Amino acid sequence: MVEKIQQVAQEIEAAQLTNAAELEQFRIAYIGRKGRIADLFDGLKQVAPEERRQVGQELNTLKNKAQEKFDQAQEQITNAAADERTTTAFDYSLPTVPNTLGTRHPLSIVRNEVIRIFGRIGFNVAEGPEIEDDWHNFSALNFPENHPAREMQDTFFLSQNKDKLLRTHTSTVQVRLMETQKPPLRSIMPGRVYRNEAISARAHMVFHQFEGLYIDKNVSFADLKQTLYYFAKEMFGQDTKIRFRPSFFPFTEPSAEIDITCMICKGEGCNICKGSGWVEIGGSGMVDPNVLASSGIDPEVYSGFAFGMGIERITMLKYQIKDLRLFTENDVRFLRQFENVM
Ligand code: PHE
């Protein structure tokens, strides 16, 4: 019996366990319920009673050794398999999956540029809600009761009594500023506005404006002109010309529409500017004393100017985009063209 145990011990010692098949063979031959060690345990009955304890201990040692060898080999084999998976199945020299970054929308590019240009002459940025009330969109801005903008055809109303609406211009934010802050005020107010219009190459029911407001003592129309000359040259280039055309807005007096030389034909005359060489980019004027007063600013002490321009219009002129609908179609072929523009 003791000899048999030694022989099996030597066999176990010598066994080469290098792969899963050898490992399984080893398990069946030695550790399994019908294996050599189990056989030896069966033979224990024939051992003389006084030796049985001793032999039994040796058998247990043998059994533990076999199990230990098995466990170690198993661990090595599974680790090697895992290593192989990582070294052969993954090629570190392959190029990475291309990481396509998004691009800034042209309207955001222009809005940011507007903010930077006016920031350099001391204008800060203010914002207001897109859902407005009659007061901020119309009444505080001196719109008469029967003004066409107050009609269903022009404005999206959100309540039957017409007191909740989608703002039709960013001039609402002027009112909010004048109501809550004390002069001097010097702000740019960019944002989305809504008008009940059929969508075409030239018009949309959702678009963007930025409003400018400057209120202080002794602000004159000359300040307004100079500010907009500066803006036009910074935005469109130093040889851009600007002109003011007399106009009317309920909230400014006097009022003027702002034209710049047509970027497409450089003033020669083309179909975009309808042959005139000039294109309109917005409205402006001196803030009406009624508007100052209704927002709590004393028109005897303060004066100011305001202007409002369309961001789509400026973007179309700057980048020669001929159809307004391109801005909302999300066609990546269009959007990617602005990849390297900040
Ligand atoms: N709110 C006017 C518009 O939407 C533009 C404007 C703003 C005119 C400020 C004068 C002063 O057409």
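Atoms within each ligand, like the ligands themselves, are counted from 1 in listed order. Just so we're clear, the structure is a prediction, and the values are computed from it rather than from any experiment.
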Return a table of N or O atom pairs, ligand 1 on one side and protein on the other, at distances under 3.5 Å, rounded to 0.1 Å.
unit_1	atom_1	unit_2	atom_2	d
ligand 1	1 (N)	His169	ND1	3.1
ligand 1	1 (N)	Ser171	OG	2.9
ligand 1	4 (O)	Arg195	NH2	2.9
ligand 1	4 (O)	Gln209	NE2	3.0

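For the residue pair Ser171/Glu211, the side-chain donor-acceptor check at 3.5 Å is satisfied. A donor and an acceptor atom, one from each side chain of Gln67 and Asp71, are located under 3.5 Å apart.
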Per-pair distances, 0.1 Å, donor-acceptor, side chain in residues 54-63, under 3.5 Å, sequence neighbours excluded:
unit_1	atom_1	unit_2	atom_2	d
Gln54	NE2	Glu58	OE2	3.2
Thr61	OG1	Gln57	O	2.9

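Using cut-offs of 30° and 60° for the angle between ring planes, the Phe26 and Tyr30 rings count as tilted.
A ring-centre distance under 6.0 Å is found for Phe305 and Tyr214.
When side chains are defined from C-beta on, Thr155 does not count as touching Asn196, because their heavy atoms never get closer than 4.5 Å.
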